[in-house]
Amino acid sequence: MGNLIYLDHNATTPTDPRVVDAMLPYFNILYGNPSSIYSLAGEAAKAKEAARESVAKLLNAKPQEIVFTGCGTEADNFAVKGVAFANRAKGNHVITSKIEHHAVLNACKWLEKQGFDVSYISVDKYGGLDLDELKGSITDKTVLITIMHANNEVGTIEPIKEITGIAKDNGIYMHTDAVQTVGKIPVDVNELGVDLLSLSGHKFYGPKGVGALFIRKGTKIDSLLHGGHHEGLRRAGTENVPGIVGLGVACELAMEEREEEEKKLEALRDRLEEGITRSIDDVIVNGHPKMRLSGTLNICIKYVEGESMLLQLDHEGIAASSGSACTSGSLEPSHVLRAMGISPILAHGSLRFSMGRGNTARDIDKVIEVLPPIVSRLREMSPFGKDKEKN
Amino acid sequence: MGNLIYLDHNATTPTDPRVVDAMLPYFNILYGNPSSIYSLAGEAAKAKEAARESVAKLLNAKPQEIVFTGCGTEADNFAVKGVAFANRAKGNHVITSKIEHHAVLNACKWLEKQGFDVSYISVDKYGGLDLDELKGSITDKTVLITIMHANNEVGTIEPIKEITGIAKDNGIYMHTDAVQTVGKIPVDVNELGVDLLSLSGHKFYGPKGVGALFIRKGTKIDSLLHGGHHEGLRRAGTENVPGIVGLGVACELAMEEREEEEKKLEALRDRLEEGITRSIDDVIVNGHPKMRLSGTLNICIKYVEGESMLLQLDHEGIAASSGSACTSGSLEPSHVLRAMGISPILAHGSLRFSMGRGNTARDIDKVIEVLPPIVSRLREMSPFGKDKEKN
Amino acid sequence: MMYSEKVMEHFMNPRNVGEIEDADGVGQVGNPVCGDIMTIYIKVKDDVITDIKFKTFGCGAAIATSSMVTELVKGKTIEEALTITNRDVAEELEGLPPLKMHCSLLAEEGLKAAIEDYKKKQERKIRDSRIQG
Amino acid sequence: MMYSEKVMEHFMNPRNVGEIEDADGVGQVGNPVCGDIMTIYIKVKDDVITDIKFKTFGCGAAIATSSMVTELVKGKTIEEALTITNRDVAEELEGLPPLKMHCSLLAEEGLKAAIEDYKKKQERKIRDSRIQG
Ligand SMILES: Cc1ncc(COP(=O)(O)O)c(C=O)c1O
Ligand SMILES: Cc1ncc(COP(=O)(O)O)c(C=O)c1O
């Protein structure tokens with residue numbers, strides 16, 4: 001994969017070599033099970049607690065409020081199902097949005113099967129949550145509001161602070177899926193006011209297979225994984241010590257490097273946006289113009305389908321993604337773009353470029369160079385076009 | 001941890017260096033998200049499917065019947081809760097044993113809170129399941145029997161084949177927690193006849209943070225982690241590719257080396273058992289004399305408490321474990337020893353030595369050398385003793 | 001890569017792309033929600049498909065199957081063309097991922113739609129010539 | 001290691017292990033289910049604890065707190081000894097893990113039980129001497 005230009009950091013990031021180095025001793029030198037009492041285990045336990053402190057520090061939380069999980073999806077399922085089940089006596093209503101990641105959406109769908117009611121709040125054309133609809137959907141049975149911090153497809157950042165205010169006024173727990181924001185923009189659980197917050201290591205140069213859930217002290221929540229006495233009885237399972245150590249280091253690196261990185265990514269993103277919209281006709285930029293992740297560019301290119309563009313980009317050594325149904329296991333194009341009012345066929349022509357730590361202006365320029373001819377070639381094959389507009 | 005004698009392989013194992021080597025490229029060279037469509041992702045997906053084949057081969061299952069999870073506990077929770085919820089229309093009764101790992105026991109306890117009935121079947125003094133009690137507890141509402149393949153504390157191997165026969169006769173799904181047997185003794189899902197089987201990577205020289213659940217084709221089961229289209233829609237979450245690759249290699253190594261290793265471990269175990277019972281009075285060996293994991297020795301040493309022995313062993317550079325409450329977060333001594341009819345105070349004096357790949361006869365001899373003086377010293381401090389027997 | 005080399009080859013260098021202005025039959029199939037739309041144009045002479053072209057909006061598999069079906073059919077009689085199934089197309093492409101089998105179905109359907117259109121037009125011509133005659 | 005160096009030092013080299021044959025007071029506390037049983041023996045002269053010994057079945061913390069409490073108390077008056085709390089014992093040991101704080105309570109309770117036994121015996125002695133007198 002020598003000269004690959006990787007522009008899919010919202011899907012996953014390469015693990016930072018400094019993270020891997022920190023993990024290595026915990027595979028077969030300090031391999032003890034942290035729950036055991038001998039010295040070897042003590043080393044593992046100490047490393048785990050140090051990582052917990054790093055995660056807590058990044059979020060401005062207390063270490064005891066951090067529970068390690070196996071991925072972002074587990075953190076989301078834990079938060080959503082855990083709060084719903086633990087507070088069922090109070091009510092059976094949950095509020096979320098139409099543009100959540102499937103980890104939250106499908107956890108909610110499962111709750112519906114278990115007798116819960118779920119409200120899926122709309123978004124505007126930029127992907128911003130409809131706060132009035134949110135307010136109107138609250139009932140005295142609402143136990144949880146779960147709204148993502150930033151959307152993974154279009155990068156729109158949601159007004160979590162306002163939503164938390166609404167939740168607080170109504171005595172409702174507030175969870176945010178911050179899988180796409182932790183390590184990328186400032187995430188402060190007290191500033192945001194949330195009760196629960198999910199993150200995933202591999203989205204910010206930590207390893208795959210580890211995530212965390214922030215649970216504010218006093219929050220009533222059921223476990224998702226029941227078993228041994230791990231993680232203060234909140235998440236059972238022998239701890240993935242190397243993964244947890246890696247997550248801790250990823251958090252430390254984020255604290256040191258995030259701010260500068262954010263500026264760099266914004267410059268790259270703007271360069272790409274400007275270059276593509278200048279050189280290709282009929283391109284629509286998705287997401288909020290300002291309240292958007294600095295490294296995310298999502299566009300719809302009319303008359304062509306996303307997967308075919310991705311394959312040709314891949315042929316040129318460029319990795320990106322699309323909201324086309326053809327790139328996922330599903331049959332519908334991106335639920336996020338659809339919720340933003342974009343037609344199915346236009347949604348099929350979406351491309352997402354997500355920049356990261358290793359990218360340079362040269363990478364961006366290569367995309368600007370190769371994408372236009374790819375698009376013209378595919379448009380020549382397309383039964384649509386300006387003259388026969390069907391979009 | 002230079003000269004550590006590690007005898008706690010049932011708690012966790014060091015990751016085999018060959019496993020770590022195989023994992024490394026997937027951290028930051030072949031780091032693609034396997035769900036994406038570009039070549040980088042294809043490499044990750046290919047590696048993941050190769051690992052799935054290795055796991056399947058070890059278990060004599062089909063690759064499509066293997067679902068990767070984040071740990072053994074997740075596999076157990078997935079199996080128990082997933083089958084219970086998916087088959088609730090048929091019935092709300094689950095059968096398990098009193099000596100299961102807490103991953104199964106506490107999943108069952110949680111099911112009870114959700115309105116399920118659970119029967120906890122007794123065991124005999126060796127830890128063998130009471131098959132008559134099992135048969136007698138079946139009702140027309142029973143949807144799942146979950147019995148562990150071998151017990152983690154005492155090593156007793158349960159008659160899974162017979163139990164599966166009973167389950168089949170009654171049209172009940174059968175799950176076995178094989179976390180302690182996979183890689184150690186032959187585990188063949190067709191020979192055993194089970195519908196579901198859990199395993200965990202770090203128990204047989206694979207990495208922590210990855211496990212798997214075998215789900216026989218046609219088994220009705222709910223997901224535990226809902227979200228994206230991963231693992232054939234059965235387990236959501238970006239796949240821990242390095243971990244999965246590591247698990248695959250651990251399975252391959254097990255296929256090659258297990259048989260010889262089993263013999264070696266049995267010899268070491270017998271040497272240790274013989275040495276300890278010869279040099280220390282009032283020692284009871286726990287578990288089945290024959291139907292027992294070859295690398296597990298569990299003993300009760302009268303008049304002394306387990307943690308204090310472990311600390312002194314640790315001081316001598318030996319890592320082992322105990323069923324004493326003082327070594328866990330709980331207040332009760334081992335539920336397994338208690339279910340076998342052992343008194344609380346005797347259970348507090350239990351020690352478990354679990355041998356593994358790196359151990360030698362010299363390790364064993366060191367234990368035989370240092371344990372007797374440790375026991376006498378502690379017995380001198382003890383208010384109990386032969387004369388004032390209170391055990 | 002989830003696609004075979006053959007699929008990629010046809011996707012990168014599709015045969016018979018385009019429209020036929022005076023086509024004898026035109027078929028459009030697909031569904032914008034699923035993201036695949038295929039239009040097939042045929043020229044027929046003495047019951048033989050002498051020319052065929054396609055325009056496709058869709059994924060790699062959709063474009064490759066479009067290309068392959070046009071190649072398979074060119075020069076064949078209508079009758080022969082009608083025996084071609086989506087499995088034939090997929091096989092000629094050295095296989096398709098399970099999730100993409102529906103694209104090969106699209107190719108089969110697109111071809112059939114074009115032939116049907118051709119037949120309808122023929123019937124109409126015959127009818128018209130009767131009326132004239 | 002979850003224990004402080006001080007705990008480990010007392011655990012590995014406990015002070016005042018043993019029994020006092022003609023003890024003036026003996027206290028046994030603990031609970032076999034929880035796995036800690038402690039017996040404390042004291043010798044008292046002119047209200048001063050002149051000797052103290054213990055026997056403990058229990059974890060590292062139980063043994064270390066037993067050892068520490070005996071050291072703290074030796075040479076103190078009964079009144080002084082009664083002011084010693086489990087927190088004092090834990091502090092002298094440079095802390096205990098939260099899950100092990102109950103062991104320090106055991107030490108406090110063991111000492112108090114021994115003193116109570118001593119007082120009861122004293123009362124009985126006084127009563128006996130009154131009856132005799
Ligand atoms: C029998 C048994 N089942 C389940 C587990 C749980 O596995 P893990 O700790 O990998 O979640 C263990 C080990 O802890 C075990 O020994
Ligand atoms: C917003 C968001 N939430 C949750 C997840 C799930 O995280 P993971 O794949 O680590 O389980 C993702 C990424 O896949 C995401 O982008």
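Throughout, a chain's letter reflects where its sequence line sits, starting with A, and its residues are numbered from 1. Since the structure is predicted, the reported quantities are computational estimates derived from the model, not experimental observations.
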For [X], is it the side chain, the backbone, both, or neither that has a heavy atom closer than 4.5 Å to a heavy atom of chain A?
X	answer
B:D76	neither
B:E100	neither
B:K81	side chain
B:T13	backbone

Pairs of heavy atoms under 4.5 Å with chain B: top-ranked of A:G70, A:S321, A:A236: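 Most pairs with chain B among the choices: A:A236.
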Among A:V80, A:L105, A:V19, A:T238, residue most engaged with chain B (heavy-atom pairs, under 4.5 Å):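 Of the options given, most contacts go to A:T238.
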Give me the atom names and distance for the closest heavy-atom approach of [X] to [Y].
X	Y	answer
A:G228	B:H102	N-CB, 3.8 Å
A:A107	B:H226	N-CB, 3.7 Å
B:P14	A:N28	CB-CB, 4.0 Å
B:G32	A:T12	C-CG2, 3.9 Å
A:L224	B:N77	O-OD1, 3.6 Å
B:C71	A:L225	SG-CD1, 4.3 Å

With a 4.5 Å cut-off on side-chain heavy atoms, are [Y] and [X] touching?
X	Y	answer
A:M23	B:P207	no
A:L311	B:I37	yes
A:L24	B:L24	yes
B:Q114	A:D222	yes

Full working for side-chain contact (heavy atoms from CB on, under 4.5 Å) between A:L40 and B:Y6: CA-CA 9 Å; A:L40 180 70; B:Y6 186 73; 3.7 Å; yes
side-chain contact (heavy atoms from CB on, under 4.5 Å) between B:Y38 and A:I318, worked out: CA-CA 8 Å; B:Y38 35 80; A:I318 296 165; over 6 Å; no
Below 4.5 Å from any heavy atom of chain B, which atoms of [X] appear? Answer side chain, backbone, both or neither.
X	answer
A:F78	neither
A:V20	side chain
A:A41	neither

Pairwise distance OG1(B:T69) to CD(A:E74) - rounded to 0.5 angstrom: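 CD of A:E74 is found 10.0 Å from OG1 of B:T69.
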Rounded distance (nearest 0.5 Å) linking atom OG1 of B:T73 with atom CD of A:E239: 9.5 Å
For chain A, the option from B:F27, B:Y26, B:F85 that forms the most heavy-atom pairs under 4.5 Å: B:F27
Atom NE2 of B:H335 with >12 non-hydrogen neighbours under 6.0 angstrom: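 Yes, the 6.0 Å shell around NE2 holds more than 12 heavy atoms from other groups.
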Side chain B:K208, main chain A:G243, donor-acceptor under 3.5 Å: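 Flag not set: sc B:K208 to bb A:G243 has no pair under 3.5 Å.
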Pair B:S39-A:D314, side-chain donor/acceptor within less than 3.5 Å: yes
